[in-house]
Every structure is written in C-alpha cells, then in structure tokens.
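So that the names make sense, note that chain A is the first sequence line, chain B the second, and so on, each numbered from 1.
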There are 4 protein chains.
Amino acid sequence: MPPNIKSKVDDTALVARRRSQVLAAAIELFGKRGYHPTTVREIAEHAGLSTGLVYQYFGDKEDVLYLGLQTVLDSYRERIPAATEGIADPLERFRAAVHAYCRVIDANIDATVLAYRETKSVSPKRRGVIMQKEVETNALIEAEVRSCVKAGLFEKTDVGLLTYLIVMFAHAWALKAWHFQGQMSVEQYTDRNLALLLNPVLTERGRRENVRLAAAR
Amino acid sequence: MPPNIKSKVDDTALVARRRSQVLAAAIELFGKRGYHPTTVREIAEHAGLSTGLVYQYFGDKEDVLYLGLQTVLDSYRERIPAATEGIADPLERFRAAVHAYCRVIDANIDATVLAYRETKSVSPKRRGVIMQKEVETNALIEAEVRSCVKAGLFEKTDVGLLTYLIVMFAHAWALKAWHFQGQMSVEQYTDRNLALLLNPVLTERGRRENVRLAAAR
Amino acid sequence: MPPNIKSKVDDTALVARRRSQVLAAAIELFGKRGYHPTTVREIAEHAGLSTGLVYQYFGDKEDVLYLGLQTVLDSYRERIPAATEGIADPLERFRAAVHAYCRVIDANIDATVLAYRETKSVSPKRRGVIMQKEVETNALIEAEVRSCVKAGLFEKTDVGLLTYLIVMFAHAWALKAWHFQGQMSVEQYTDRNLALLLNPVLTERGRRENVRLAAAR
Amino acid sequence: MPPNIKSKVDDTALVARRRSQVLAAAIELFGKRGYHPTTVREIAEHAGLSTGLVYQYFGDKEDVLYLGLQTVLDSYRERIPAATEGIADPLERFRAAVHAYCRVIDANIDATVLAYRETKSVSPKRRGVIMQKEVETNALIEAEVRSCVKAGLFEKTDVGLLTYLIVMFAHAWALKAWHFQGQMSVEQYTDRNLALLLNPVLTERGRRENVRLAAAR
DNA sequence: TATGAATGAGTCTTCATTCAT
DNA sequence: GATGAATGAAGACTCATTCAT
C-alpha cells in the first residue's frame, strides 16, 4: 500500500536497524527544528553514521520524513489496543484508551509536533497514506466511544465529533506543551479534560437558556 | 514590545501599504506551501513587485513570516470583541464569541495552518511574542466563559481547560479541513461542538460509573 | 523546433550576450576535458561570472552542452554558403565548399571533437535535433557534388557516400589532429585529400584486376 | 610498454579470466552510456560479481577504461592479418584487409564508438599507448596499400592519406551507424566505398578543369 | 524608490574507493 | 579470494540577499 521506500541493501535485519537508527535521529531533529532546516548531514551525524549511508537506506530526504511520520503514527495506533486489552467494561476501556493515547503523545512530543507541521511536506499521494493512518488511530478511540453509547453509558451523542474533541485535546498536550507542561502532569491533564467532557458544563438555568439560544439560530 | 522590523523607507503610509501588499502574498503562499519552500522571489511576484523591494520593507525573509504571523493573530483578536459588542447576555456573548472565532478561522484557513506549522520557524524571542498574542486571543474567549460561570450559567468548571477545548476545536476546523469540509458548514460545526461541550455526554448510569472510575485512579 | 532553453532573464540582448559568454567557455572546456569532467563552476569561472548566473540563463548543465553543440553546428552550416557565394563554376564551387568546411573545422578543433564525443550526452530527443543539423550541413556539400555530376564533371557516382567521405576527412583533421597537425597545413590537407578522391588510384592494370575481384564477390 | 595495471591477485589464469569478465561488461556499458555515466557498481553487476572485486583486479576505474580500450584496439589489430593470411595477390590482400577491418568494426560498434569518445578520458601517457595501437592497426592497412603500389596496381599515390581515408570510412560505419545501418550491409558499404576510392570520380572534362583549378591555388 | 541581475554560501545527492568480515 | 556495507569528497543546483542603475 504505502509506496515502499527502496533500499540499496538487501539484509532485512540490517535495513531495519539502520533505518530505525536514522529515523530516530531524524524524528528528533525534524521535530525540534523542522524538516527543511534540518540537513541530511545533521541527521547522519546525529545517528552516528556517514551522509552517504542515509542514501543506502532511503531514496531521498523526503523518504526519511515519510517513513518517520509513518513510524510515529504506527506507534500511536499500536499502543491503544495494548492499553485496552483485557478490560471488559466499556467506560473503563474508553478511559484507558484515552489515557494511553495521551501518554504516548507525551512520550513523543517532538514527533507529534512533527506530524502536525510536516505532513504537508510529503507528496500528495503519500500525504493520503499518512492521513489514512491518522483516521485509523481515531477509529480506535471512536470504537470505544461507540461501545459506551451502545452500553447506555453515553447519551446518543455526536460520536465522530466527540472523538475529534478527544483527539484534539490529546494532541494539544504536545502542540501547546509550552502552555501546559509545568502546570500539571499528562495524567492530570487527561483526567481534567475527560471530566470537562463527561460532566455537565451548564447549570440547570444555563441549560434552559442554551436551548433557547440554540433554537433561535 | 515586538522587536520591530526595520524599513529602509520612511514614508509611513507607503511602508504600511507595501508591507500589507507583501504580507498578503506571503501569508497565502506560506500557508499553501509552507515557509521554507516559498521563495522571496515568488512572494514578490505574487505581490506584484520586485524582489529587491521586499528588502526595502523587511529586514529578511524571517521578518516577513514574523509580521505575517502577527497579522494573522491580530485579525483573530480583533474580530471577537466586534462580534460580542452590544450583547449583554453572558451565554449569548459566549456563543457569539465562539462563532466569530470559528468564522474568522474559516475565512483564513491557510493562515491558521501557517500559524501552527511555522511558529517554530521564527527566533525564540519572537516566538514568545507570537504566543503572547495567542494567549491574548484565548483570554477573550476565557472572559466569556468566566462571565457565564459568574452568572451562574456554567458550573464552577475548569475554565482554562474549557477555553482550550474551544480554541482547539476552532483550530481543528482549519487543521483538519480535509476531514470536516464538505461534511458540514462552519456554523454547523460550531453548533455541534458547542452542543457536545455544553450538554451532558454521560447518562445517569454512566455518571455513577464514571465517578467510581475517576475516584479509583 | 528545438525544445527551447528557458532563461530567468528577459532582456534579449543580455540573454544573448551572457549565453554566448558561457557557451564560449563551455565549448572550450567541454572540448578539452569532456562534458562530465568539466564542472559548472569551472565554466562560470572561465567565463568570468558566478556559478549561480549560469543557472539564470540555462536550465541545467545539459542545456549548456545542447546549446553549445547547436552553436558549433550552426557555425559550420553558415560558413559554407558564404564561401561559395558568387562562384558559378560547379567544380570551383565544390572545391570552395570543401575548403571552407575544412577551414572552419580547423578553426574549431575543440568544438568538432566535442560534437563527436558528447552528442550522446544529451537526451535522445535533443540528439535528434543535433543530428538533423549535421545532416543539413552534409546536404550543403552534397548539393555541390550533385551539381558537378549534373554538369558532367563527375561521373555518375555514389553521391551520398562520396559526400560522407569528404565530410569524414574534414572531421578527421580535428579528430586526428595529433596525427596531422605539424605534418601539413589544413589547406594542404584538403588539397591532398581532394586529389586522392578525384584522381584515379588504380593503374590501368589495377583497374582490370579490380573489376575481376569486385565481380567475384 | 603499457604502464601495466596492478592486480592484487596472483593466480595469472584467474586474473585473466576476471579481467576479461569485467572488461566485457565495461566495454558494453561504456560504449552504450559513456565512461563517466557508467558506475563501477553497474559494471560489477553486469559482470556478475561484486563491486569490491573489481578493485582486486584493477587499480581504479580508469584502469578499466584503459584496458578496455586496449582490448578493443588489439582485437582490431589481430583480425586483419588473419584475414589476409594465405592470399598472395596484393590487390586481393588489400581488399580482404579492408573488408576484415570493416567487419570487425561492425561486430563491435559500441566499442569503436567508445574508442572515439573516451580516449581523452585516460591520462596523457596512456593516451599515447592507445594512439600507438591505432597507428599499428593503420600500418597493417598501409602495408597492403604499399604492396599494391609496388606491384604497379596503384598509382604512386599519397599512401598515408589514402590509408586514413580507408580507416575513416571504416570507422564511420560505427560512428554514423544511425545513418548507414538499414540502408545497406557492411559488405555493401565496404564495396561501395572501395569503388569510390579506386574508380575515377572525375570525367575527362572534369579532370582537365580540376588540373587547372588545383594549379591555380 | 524601484528594479532585477548578480553573487556565493549551502544543500542534496552520487559514486569511486576502502575494508571488515 | 570475495563480498557489499560504509565512507566522504565533490558536483549540480537553489535561493536569500545585495547593489549598480
């Protein structure tokens, strides 16, 4: 499916090792300084190998970004199922999934920022692949939301949008790190956001007024 | 406060005209293709003037980005007060503010994406100025939230975080345009998000379970 | 017709001046050291301008070669008609044309060698254009041969091949410069080759034997 | 005499085998794409061995070209004596030699073009060796011409230049393959060129005029 | 003020060559 | 002897910036 990156080396294990070596360096540097300002030379140096070697395992610089983005998104997609495994209760699964998601983002702040900043830097075709991966990750959260609705724990609500609100606050932890970091931990951040979403914001009086206003539009 | 951009031209009116001419072109191109891939030559061409002239009104390329980002964020900050002017009812003001915010973002999708992608491309000192502007815009929303709490329309809730949730879904309209555009209008998008935030997600049973789970953490 | 080279500069006179400046340097260096070993930097230096400027007037290095080859072949094609102008006698025209051809080759030995060595270094489509120009030059010689046949000065001979023999010995003056230079002047070289072609090689006895052998094949 | 190529391997038979393996691949690729655009990796691949092995049998890439050119020229030099062996009649020997030469060129068109394009790509000292080989081959043809003169079959003519004309039309078969191939076979080509050279081109009247013009110079 | 031609530093990328296995 | 992964020097090309007009 993903237009595969060609390597000039055959040994699969070596390819995997070298690639992740390069990708780790690249994701860090791309995340910190951005894709364009980071030079291939810097990536190679940071990864502890020569410039030329990067081109034995990647076709060009964009390939490094592309595989980097995929790596990041794949890691997100894999951690959520791992976190919900064995949990039966829908609401508990839901909370576990959201916490897992926020935790993996916290562990990869540079990478998350990278995904936001540089998805546009890959070719349109590849961008589609990247977006598809994001959709798939969102679907994991959405499934938990849906289970809660089915179990009668959530009102019959706007599932897609609720999912997006969750995804957005998770991402915001990375995107607005300068704002949140130091104020609280990821766990607190997650809990407080969940509380906001799950508990009523409006008072009884507010609710009546809101109905009126919303109807008036 | 902002480390000011030096112009080689004195005529204030001319400076203002030329700068906005360049900035309009730059914001569009930076938004569409990104800061680094856009060349100064392209900006000048798009603005209908010569390359050299850009350097009469801006010190360097980064200046253009910096002033561009400020322009974008300023326009956001200005539209919200305009939208709430004359409205007395706190909840109505709140809703008007949020709708105004979403509307201005919708009208400047490229610019919003630009602010997300390229804030890191300016020097740290300048980045602070940019973030400050963002904080100020958020404060406008936060003020409305606070009024609603004071008026007894909102529960005594996590005002800062609620504000962020609102800001995030507004931004998401631009950041995830590929996902939302076509599915609904901005107005619908705003209403549905507000509904989600303001109406309870949990059922009665869900609420009891949630309390138990949250407490168990 | 020829897929035209794009310049980033509009001023036609300047384009013409800069291009010929670059081409003169390039033809010399390409001729002496070959296309690949010559760097764009060297061309620019030799032409007395900066590397970047070459790219304002040529799309890439191959464009320089392509235009260089065209320049060389065009100059050949133009000198022959100039040399025969005003001469009526077919044989005299023929001799004038051949001498002119050899003379222009002598004046551009590097360029002639270049045309032989590097025609393969341009894209297939462009190679076709180059070859066409060569065919057109040959046609100028062929026309003179044909006139001599028509005027009853040449036997009804193999016109195409005779033309090629002439073209080849003209080129050989450049290609085998190391062998001929010093032994004689171009004019002598041309005369002696023409003498060989136009006077009988075989003796009377040789002719009889040759007829027998050629028939036996 | 040729500054000899160093091999890191001793076994003479193996050296010979490996070298010819590499050279066959190299001559083909150099002939088709040129010396510089062909990579050592491609040569090794085409020869069915590893890149590193090339450097066990050749000092560097230029060595491969140098030995390749020698191989080509040697093969030419060897085929001519083989073709004249046993023939006593001078004119018959002459014709056999020319036919043999054209035939071997036809069988090695890429290699012949290679010799023309890339002789300049070797060091000056080595270039001398290559040219010497070419001179030796020419001498084989020249000897036959001289025999014909001595036997009274050829007029006392410009032997050196006549030899060159013959060599040139033989080479032209390869150099201008795009022009001649398809029009006729090598044998026809050879016969027609020999006919042109050996039979008079000028008519009786043409001869008188030519004497006048040549004298007038 | 305005222009756009000119500069040259810096980037990506290739590839001859080496060397550990 | 053979392999092919690793190196790094070098080249094509771009583009922010300057400056003569």
Which part of the nucleic acid, if any, lies within reach of D:T38 when heavy atoms closer than 4.0 Å are counted: base, sugar-phosphate only, or nothing? sugar-phosphate
Looking at C:Y35, does the NZ or CZ of C:K61 lie under 6.0 angstrom from its six-membered ring centre and within 45 degrees of the ring axis? yes
Just the rounded figure in Å: distance from P of E:dA5 to CD of B:E45. 11 Å
Please name the nucleotide paired to F:dT14 by Watson-Crick or G-U wobble geometry with both distances under 3.5 Å, or report none. E:dA9
Of E:dT17, F:dA16, E:dC12, the nucleotide closest to the side chain of A:V40 is E:dC12
5'-most contact on DNA chain F: A:V9 or D:V15, nearest heavy atom basis? D:V15
What integer distance in Å separates B:L53:CG from E:dT3:P? 6 Å
Verify the contact: side-chain N or O of B:R18 to OP1 or OP2 of E:dT1, cut-off strictly under 4.0 Å; return yes or no. no
Among D:L69, D:L23, D:T38, whose side chain to side chain contact (heavy atoms under 4.5 Å, CB included) with D:F30 holds? D:T38
On DNA chain F, more 5' by nearest nucleotide between C:Y35 and B:Y55 is C:Y35
I want to check one thing: is the phosphate of F:dA5, taken as OP1 and OP2, less than 4.0 Å away from some side-chain N or O of A:Y57? no
Figure out the CG/P separation between C:L49 and E:dG8, and round it to whole Å. 11 Å
Please report, rounded to the nearest Å, how far the P atom of F:dA12 is from the CG atom of C:L29. 12 Å
With the side chain defined as heavy atoms from C-beta on, D:D11 is closest, among E:dA16, F:dG1, F:dT17, to F:dG1
Answer for the Watson-Crick or wobble partner of F:dA20, both distances under 3.5 Å, is E:dT3
Any side-chain N or O of D:R41 less than 4.0 Å from the OP1 or OP2 oxygen of E:dT14? no
Touch check for B:K8, heavy atoms < 4.0 angstrom, all strands: base, sugar-phosphate only, or nothing? nothing
How would you label the contact of B:T51 with the nucleic acid (heavy atoms, under 4.0 Å): base, sugar-phosphate, or nothing? base
Nucleotide F:dG11, atom C1' - distance to CG of C:D60 in whole Å: 14 Å
Is the D:Y116 ring parallel, tilted or perpendicular to the C:Y116 ring (thresholds 30°, 60°)? tilted
One pair to check against side chain to side chain contact (heavy atoms under 4.5 Å, CB included): D:S7 and D:R19. What are the steps and the verdict? CA-CA 10 Å; D:S7 169; D:R19 282 194 174 170; 3.6 Å; yes
Starting at CG of D:D10 and ending at P of F:dA2, how long is that distance when rounded to a whole Å? 12 Å
C:R17 atom CZ is separated from E:dA6 atom C1', nearest whole Å, by 12 Å
Could you pick out which residue, A:H36 or B:L14, lies toward the 5' side of DNA chain E when each is mapped onto its nearest nucleotide? B:L14
Going through the checks in order, is the side chain to side chain contact (heavy atoms under 4.5 Å, CB included) test met by B:L53 and B:R18? CA-CA 9 Å; B:L53 206 58; B:R18 290 298 194 203; 3.8 Å; yes
Tell me the interatomic distance from D:K61, atom NZ, to E:dT18, atom P, rounded to whole angstroms. 15 Å
State plainly whether the residues B:R117 and B:D110 are in salt-bridge range, i.e. N to O under 4.0 Å. no
